[in-house]
Structure formats: structure tokens, C-alpha cells
Amino acid sequence: MAEAVAVRGLSKRFGRFTAVDGIDLTVQEGEIFGFLGPNGAGKSTTIRMLCGILKPSGGCGRVAGLDLFRDAERIKRRIGYLSQQFSLYDDLTPYENLRLFLGIYRVAPSLWAERIEEAVASVGLRPDLHRIVRGLPPGARQRLALACALLHRPRLLFLDEPTSGVDPLARRAFWEFIGGLTRQGISAFVSTHHLEEADRCGRVALMHEGRIVACGPPRRLVAEVLPERPEAGLEDAFAILLRGRAA
Amino acid sequence: MNGRCVRELVRKEFLQLFRDRRNRPLLIVAPLLQLILFGYVVTTDVRETRLAVVDESRTPLSRSLIEAFAASPAFRLQASAADARSLEEDLLQRRVDLGIHIASDFAVRLTARRPAEVQLLFDGSLSHLTSQRAAAAQAVIEDWNRRLLSLGSEPRSPAGGGIEGRIRTWYNPNLESRPYFVPGIVAFLVMLLSLLFTSLAIVREKEAGTMEQLIVTPLRPVEFLLGKTIPFFLVAQGQMVLVIGFARAWFEVPLAGSAVFLFAASGLFLVCTLGVGLWISTVSRTQQQAVLTTFLFLVPFFLLSGFVFPIERMPLLVRAAARLNPLAHFLVIVRGVFLKGVGPTVLWPSCLALAGIGAIVFGAALLKFRKRPG
Ligand SMILES: Nc1ncnc2c1ncn2[C@@H]1O[C@H](COP(=O)(O)OP(=O)(O)OP(=O)(O)O)[C@@H](O)[C@H]1O
Ligand SMILES: [Mg+2]
């Protein structure tokens, strides 16, 4: 299988502070890759480098089949990104937001009606399509953001804490939606603080203070860290991994 | 560059601009209110200059001169002072603004065809008014002189008049300040709003995080900047039309020259101000910073524009700095078109300067933006 993301030694320094410290990552096509770690671990910084928002201080690699440094602009056409904070126009309606991003992604206007229809149907935005975004509940906004990120049919999605502040039912619907996407071969790179969501991921990476502490399928990680406790969960394993670091 | 992409951005900017209720008064009412306010406040008209006369000549000739002053709208005859001493006292106490002292030999010298003197006493502590009043008084005397020469019963040789050098004011013969200031106010207002709106519109995207979302799209910096500047260019031109129309209707300031040319020149001017607005947006992270930086720019722009203080009287270095000020060049154009009715044949140097400054400022902002959009 081809790799959607493959980077080595990726790092980011802000002045003298190193937020990401030479990490290696690979994400397979069609995989849901979970990105876990405490606050300030460097998850968002990593995602922002992979998306081309931040220029890495070091490292090399490919994203969506293109060189991270030389083809940063072309990468943008192939990926979708959902930032940690809602970052669409909240004084516009969902329809106006979708239309704007169709224009920005240079989708041919003949396809606009169809794409908007598709987006609305897939994430269930119909009743809110012409209401100002500011007044919509967080769940609906999140679905809109997802719809916007998918308008240009990217093969790779970066989702930075997509489920924070969303109710459990909506979260479940969200993960089912992502699962549906990956069955079409789309890869998803998802950061989260909800450890129970890690079970939805093919593999997870645990990040701490700019480094990857552990990486692999969630079940196997637990088995490796706590071989004598088959009933243990990811939480127990991470507690031990992070404590070991701190000591 | 993708035209459809820019069009959608422009569309979105207009939607946001007009959807926000707080913007509507800012777009239309504020410029008009400010114009009215400025129009009434910024005035150096010599009206109702209070006048006291000491007439030691007491002849029909001296009385006719006094009547000429009394007839002028610029002067109001207050009282006849008894003597030079009490005239001085009146000036000192600010009971009058101008004292006229006509010497006892006034009529005698005039009839003998020798130059006669009239002493004009001003309160110099109000220097900006004094020069205006002096000019107005001079005009009255000149006028009276002319009539004396032409209506005199005896024919006089041109050499015998003793009057040389006449001051004649062209383009704004009554030296009214409103036609002079109102066009300047128009320029200043449009500058203020275009600076503020562009820089705020961009910084708001940074604050809201929408900039980050735009950066992960294939959107090009040029497209983004066009999407930001085209709407405000159009809005500012609209305001220009609105404010100029209003200035003509309300203040009855005549527009002597071509409105089309003025419109084109204001386009050049806006390229400069929008460029500055872009630049401000690249150095500001919050809307507050953008507003403060805008005002930091506005003060020198205003002072070095010739709006109130003539650039010709400034020190050399300051004059050189004023040459880089788009507002200064645009004021030359606006006043030229409004008052003199001149067009591109006369004003092309200012237009060229605006185009040059605009290209440099806009280009620099674009480069800076390309490097560090966030
Ligand atoms: N632009 C920046 N300048 C300086 N430091 C930064 C910048 N962005 C992030 N940092 C720092 O880098 C570290 C990692 O931040 P990052 O946002 O990547 O963490 P995170 O893992 O996403 O945390 P959270 O779970 O809270 O979202 C933090 O200590 C943060 O303060
Ligand atoms: Mg984060």
C-alpha cells in the first residue's frame, strides 16, 4: 500500500523552544491514524507543518505523494484540513461558506450545485443551509467544516481535535462518517484527547514534549506496555509511558 | 490567477461588509457627518472682522474709504475710536480685530496726487487670521483705489497714481476657505476609511482563524489581496461620489473640473492607501493594533499633506518627506480639479507621483504578505 504521509526527522522550533523534535511518521492510504498526547505535546504544530501552514525547521518527507518542501503548494490541492478551532466564516451561511471554498479550490462552476448537494446530504446540513453560522450548534458547525474540507475531494484529511466540544452521539456519527471515507481509500490523520476514540484508529501515535513516545495499533501498544494485564486499556498504557518519560 | 476565485472572495467580502449592521452607518452616515462637521469647523474665512477707525482726516475721501470697509462682508464697523491711544486699547482688549488709522493729511496728499498712507493695525497674536484679514483689507483698499482712479473727475496720467503691484486672487476670489477645505476633507475621509477597512478586514481573518483555513487552500496571495482590496476600492470610490455630491449640494462647493478625471485620480490614490492598509495588516496581529497603527500613519499623512499647513513653508527635509505622501499629491489634484478646473495636462506630475507611490507601496505590501501571511 502507498503511504499518504511519510516524514522523517520532522522538527519545529519557535525561537529557542523546540515544539516538535525530529519525529518520524507514516500514514498508509485508507488508514485512520490517531494522534494522541497531552496539551502542548506538539500535535497541532505537527499537523500544521504537514498541511503547509508552518514551515518545518528540519526534516524531510512526502505528503499526499508530494515533497513536503518543494511541492507545498500542490499538496494543498490534495488535502483537507480541519483546524482545532472552528475557522470558517461565522457571519456567512453554510451555503455561502461552501460556495466560497468551491471558488477557492477552483472547482468548475458546473459542478457546484452537485457538490453542494452532496456535501449537504452527506453531513446532514439541509435545515441549516441558509442560516448564519454563528447561530448554529457546535455539532452543525463541525459538520459544515468537514463538508468544506471535503469539497475538493481530497485523498488525505487532517483533523485537529475534531470531536472536542461535540456531544457523544454526534461524535459517534462523526467517526462513522470518517470510517465511510476511509473505505473509499481516503486517509485521515486525527488528533484527539478522547482515548476511547483511539479504538477507531488503525494505528495511533502518542506524542509527548515534541517526541513520539509510542506508535502502533492500539491493542498492540497496550499488550507491549502491559503484557501481564490483558484487561488494561490505552489509558493505563499511556499513563505508564508518560510516567516513564517524566522520571 | 483565477478570476472566479477572486470573484467569490469579493462577493464574500461584500456579504460580510453589508451584513454587519455596525458597518452600515460607518459606510454612509459617518463620512457625511464628518464632512459636515469638518466643513463647519475647519474654516478660516475672514468674516465679521470687527473694525475700529480713527479718522483724523474727516473728509469725504476718508469717509468713502471707511464706507468701502463697512460695505465689505469681511468687515463690520464697530465704532469710531476717539484717538490712536484708545484704538490701541481696543485692540489690546480684543474688542476689535482691526484698527484703521487715517492720518490728517490723507485727503490733502491724495488731491495733490501724492501717495497717501493708511495705517492698518492687527492683532498679531492670532497669526493665521491676521494674514487672511490683511489680505482682505488689502483687497478693499485696492478696490477703493481703483475706483478712485477711474471715477476721478480729472483725468490722470497712469504714472501719477502711485499705485504699483496689485494683488488679485484667482480661482477662489473671495478667499473663502470652504471650497479650499472641503475637497481636502473628501480626500482625507476616503483615505481614513480605506486604510481602516482593508487592514481590519485582513486582521479579522487572522483573529478568527479563517486565515489559517485559507492558507491550506491553493489560494494565491495575489488572489487573496485582490479579494480584499477590490471591494474596498469600490466602496471607497462610492464614498468619494457620495461625499463629493454632498459637498456640492450642502456646502455649494463648485466642481470646476472634470468629475471623470477626479474619479480616475482617486483610483490611483486608493491604490496607495489600500497598499498602506495591506502593509498595516501584515504588521498587526489584532484589530486593536491595526486601528492604532492606522492612526499612527494618519497623523503624519495629515500634517504633511498641505491640508492645513502649506508644504511650501516647511523645512527642506520635511518637504522631501511630504513628497512621498500620497495625500499631498491627491490634494493638489483635488483642489486643482475643484477650484481651478484643470485636468491631466496640468496635473499629470501629481498623477504620476501617485502611480509611482502606489506601485511601490502595493508591491512592497504584496512581497511582505507573500513572505509572512500570518
Ligand atoms: N506560534 C508559536 N510560537 C511559539 N510557540 C508555539 C507556537 N505554536 C505552538 N507553540 C508551542 O508549541 C507547543 C506545542 O503546541 P501545540 O499546539 O502543537 O500542542 P498540542 O499538542 O496541539 O496541544 P493541545 O492538545 O493543547 O492542542 C506548545 O508549548 C505551544 O505553546
Ligand atoms: Mg492542538
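Small disclaimer: the values here were computed from a predicted structure and weren't measured. In what follows, chains carry the letters A, B, and so on, assigned in the order in which the sequence lines appear, proteins first and then strands, with residues in each chain numbered from 1.
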Quiz item: What option among A:F158, A:F101, A:Y81 has the most heavy-atom pairs under 4.5 Å with chain B?
Solution: A:Y81
Self-check item: Atom pair CG (B:D20) and CG (A:D91), whose distance is rounded to the nearest 0.5 Å
Solution: 7.5 Å
Quiz prompt | For the student: nearest non-hydrogen atoms of A:G52 and B:I215, plus distance | solution = O-CG2, 4.2 Å
Practice problem: To the nearest 0.5 Å, tell me how far A:S83 OG sits from B:M211 CE. | Solution: 13.5 Å
Practice problem: Could you tell me which of A:R77, A:R106, A:Q85, A:H152 has the largest number of non-hydrogen atom pairs under 4.5 Å with chain B? | Solution: A:R106
Quiz prompt | Rounded distance [0.5 Å steps], OG1 in B:T217 versus OH in A:Y105 | solution = 5.5 Å
Practice problem: Nearest 0.5 Å please: distance from the CG atom of B:L214 over to the OG atom of A:S87. | Solution: 8.5 Å
Quiz item: Which one of A:Q84, A:K76, A:R48 has the most heavy-atom pairs closer than 4.5 Å to chain B?
Solution: A:K76
Quiz item: Any residues in residues 6-18 of chain B near chain A, with a heavy-atom distance under 4.5 Å, and which are they?
Solution: B:R7, B:E8, B:L9, B:R11, B:K12, B:L15, B:Q16
Exercise. Report the C-alpha distance between A:I53 and B:V216 in whole Å, list the side-chain angles of each, state the deciding distance to 0.1 Å, and finish with yes or no for side-chain contact (heavy atoms from CB on, under 4.5 Å).
Key: CA-CA 6 Å; A:I53 299 167; B:V216 289; 3.3 Å; yes
Self-check item: Residue part contacting chain B, namely of A:L102, when any heavy atom lies under 4.5 Å
Solution: neither
Quiz item: Is the number of heavy atoms from other residues, nucleotides or ligands under 6.0 Å of B:R19 CZ greater than 12?
Solution: yes
Quiz item: For the residue pair A:G103 and B:C5, what are the closest heavy atoms and their distance?
Solution: O-CB, 3.5 Å
Quiz item: Are any of the side-chain heavy atoms of A:E73 and B:P218 separated by less than 4.5 Å?
Solution: no
Quiz item: Under 6.0 Å from the CZ atom of A:R203, do we count more than 12 heavy atoms belonging to anything else shown?
Solution: yes
Quiz item: More than 12 heavy atoms of other residues, nucleotides or ligands under 6.0 Å from OH of A:Y95: is that the case?
Solution: no
